[in-house]
Amino acid sequence: MSKLPGGALASRPLHFVWIADCSGSMGLDGKIQALNNAIREAIPHMQQVAAENPNAQVLVRAVAFSDGARWHLAQPTPVADFRWQDLKAGGVTDMGQAMKMLAEQLQPEAMPARALPPVLVLISDGQPTDKFDAGLQALMEQPWGKKAVRIAIAIGDDADLNVLQKFIGHPEFKPLQANNADTLVRYIKWASTEVLKSASSPASQVLDTRDSAVNVPLPAAPEAAPGPESAADVW
Amino acid sequence: MHDDQLLAWRITGATVRGASHRRSGLPNQDALAWRWPAASGAPAVLAVADGHGGPLYIRSDRGARIAAHTAITLLADFAAAHATTPALSAVKRVAAERLPRDLVLAWNQGVAADLAAEPISEREIAAAEKRASRAALDRLADDPRLAYGSTLLAAVLTKRYLLAAQLGDGDILAVNDDGTAAHWPLAPDPLLIANETTSLCSPDAWRHVRTYLQPVHAAAPQLVLLATDGYANSFVDQDGLLQAGGDLLTAIRDEGLAAVSRQLPAWLRATSAAGSGDDITVALAVRAGDPQP
C-alpha cells in the first residue's frame, strides 16, 4: 500500500480569540496602545509555541467591543499569518454583545468535533454597559463555550473583577490585574504562549459537566512587573 | 464456503506512541489486547483502551493495559458462558445489564491489585505537581484510582453474534464486503469533545458503558475495527476514518494480513505525526473467509 489508509490528514484546529475592550476609557493613559503593543510583541512568541507543536493548528481571531461588538479579525487566521492591526478606543462597554458574537462562532456547526479546546482571552478596563449576563449565558450554552479555556485580564483598578470572574467561571482562577504596561505585556505573553501550549496538548481527561470544570491544566500566571518609576505610568 | 470458515476471524493490531507524546516525553498511554483460538477462529476477542493524558492520570498507561486485558478475559468468559444459551435475546439482555458492571468491576479490581502491589509514590506525586493543580492532586489523594483513568472499546465475535462494548471516546467500525464502513452502531457521543471523555474511573462508570449485540448472518461485516480517538482525530473529517476502514480491508485482501500487520505500526506513526499527535491504537478483526496470501 503506497499511501496511508484513510482520508486526508490534518492537525487539530485550536481557535484562539482575543476579546478586547475598546471603550472610551481605554483611550486614557495609553491603555489601548499598550494593549496593541503587548499583542504585537507576543506574536513571535505565539508563533514559536505553535511551531513547536505541529499537531495543533492555531487559528487566531479578535473581537472588539465598545458601542456594540465587531470582529476585528473575523477570519480564523493561521498564527503564522497573524498580524495585529491597531485597535482604537471610543464608546461604551458592550461586553455582553461580544459574548453573543463568540457564542455564534462556537456553535457545533462551526466547530469540528476534533477541535482542541478554544482559548478565549478577555481584556477589559471597565464595567459592561449592556446585558453581560445574557451574553455570557449564550456563550456557556454552547458546548465549546463551556469547554473553552477562559482567561481574563483586568486593566487598571476600574475593571469589574466580578464580571471577569464570572467569565472565567472557576473559583480557583482569578482575573489577572495589570496596572501598568509592563505587566500587561507579561500577561498577554503568558496567555499567548503558556496557555496556548497547554491547550495544544491532546491530553484527555474525564468528562466534567460542571460549568466550572477545567479541561486544560492552566500553568501558573506570571508575577506582576515591578512598579513603574513614574506614578503617571500606573493605570 | 463452510459456515465455520465464514464465521471465523483473524485478528491483528498495533499501538503506537503519539508524535506529541514523543516530544513531551510521555509514554504510550494506549493499550491493545486480543485473543482468538487459531484452530476455530472464534470466538475472537479484541480490545483497545486509551489512558487519559491529563496531569492527574499519572498511571493511565497501566490503567489502559488493565482495561484491555481484563476486557478480553471477561468477554471470552462471557462467550463461553453463553455458548449454548438458546435465545440471543437473552444473551443480549445479559450483555446490556451485566456486562457494563462486570467490566468496570474487573477494572477496579485490577487497579486495586496494582495499587496494593505498588502504592503511588511521593516521587510520582512530585512529578504530577509540575502539571496538576492543587485541587486535582487533592482529588487524587482521595481516590488513587483516578491515576489509572482510561477508556475501553472491546468486542467479542462469535459464530452466533457480534458483541461490542464501549466506554468513552474512540471508534468501532464495521466494514462491509464492498469496502463501505460505518460506526457499528455505537456512534460517537457528541458530548465527548475538547479532550473530555467518560472513563472507567468516572463515578458510576458502568452507566456510561454502551453495548451492542448483532446476530451473525452472511451479511455480517468483513472487518471490525476498534480504534482509540487519536486515529479519528487525525483525519480532516469522519469520512476519512471510514475510508481507513475500507482501505485496510483492501490492503488485507491485496497484501495479506501478515503484511498489513507488519506495516500497521508505521502507518499509525505517520498518521499521528501528520494528524492528531496523539497515541493511536487500532485492532482489526477480519473474516477468515477472505484470501490470505
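Lettering follows sequence order; numbering is per chain, from 1.
Residue B/Ser24: no heavy atom, backbone or side chain, is found under 4.5 Å from chain A. Neither the backbone nor the side chain of A/Pro112 comes within contact range of chain B; no heavy atoms are under 4.5 Å apart. Interface residue B/Asn233: backbone and side-chain heavy atoms are both found under 4.5 Å from chain A. Only the backbone of A/Glu52 comes within less than 4.5 Å of a heavy atom in chain B; its side chain stays farther off. B/Ala181 does not touch chain A: none of its heavy atoms, backbone or side chain, sits under 4.5 Å away. Using a 4.5 Å cut-off between heavy atoms, A/Ala8 contacts chain B through both its backbone and its side chain.
Contact check for A/Leu14 versus A/Gln57: no side-chain heavy atoms found under the 4.5 Å cut-off.
For B/Tyr148, there are no ring pair (Phe, Tyr, Trp, His ring centres under 6.0 Å) partners two or more places apart in sequence or in a different chain.
By number of non-hydrogen pairs under 4.5 angstrom with chain A, the leading residue of B/Val236, B/Leu26, B/Asp169 is B/Val236. The candidate with the highest count of non-hydrogen atom pairs below 4.5 Å against chain A, out of B/Gly275, B/Gly230, B/Gly240, is B/Gly275.
One finds no salt bridge joining A/Arg186 and A/Glu223 here, because no Lys/Arg side-chain nitrogen approaches an Asp/Glu carboxylate oxygen to under 4.0 Å. Using a 4.0 Å cut-off between charged side-chain N and carboxylate O, B/Asp142 and B/Arg139 make no salt bridge. A salt bridge is absent between A/Arg114 and B/Asp229: the closest approach of a Lys/Arg side-chain nitrogen to an acidic carboxylate oxygen does not fall below 4.0 angstrom.
Among B/Asp30, B/Asp279, B/Asn28, the single residue meeting the side-chain hydrogen bond (donor to acceptor under 3.5 Å, both in side chains) criterion with B/Thr15 is B/Asn28.
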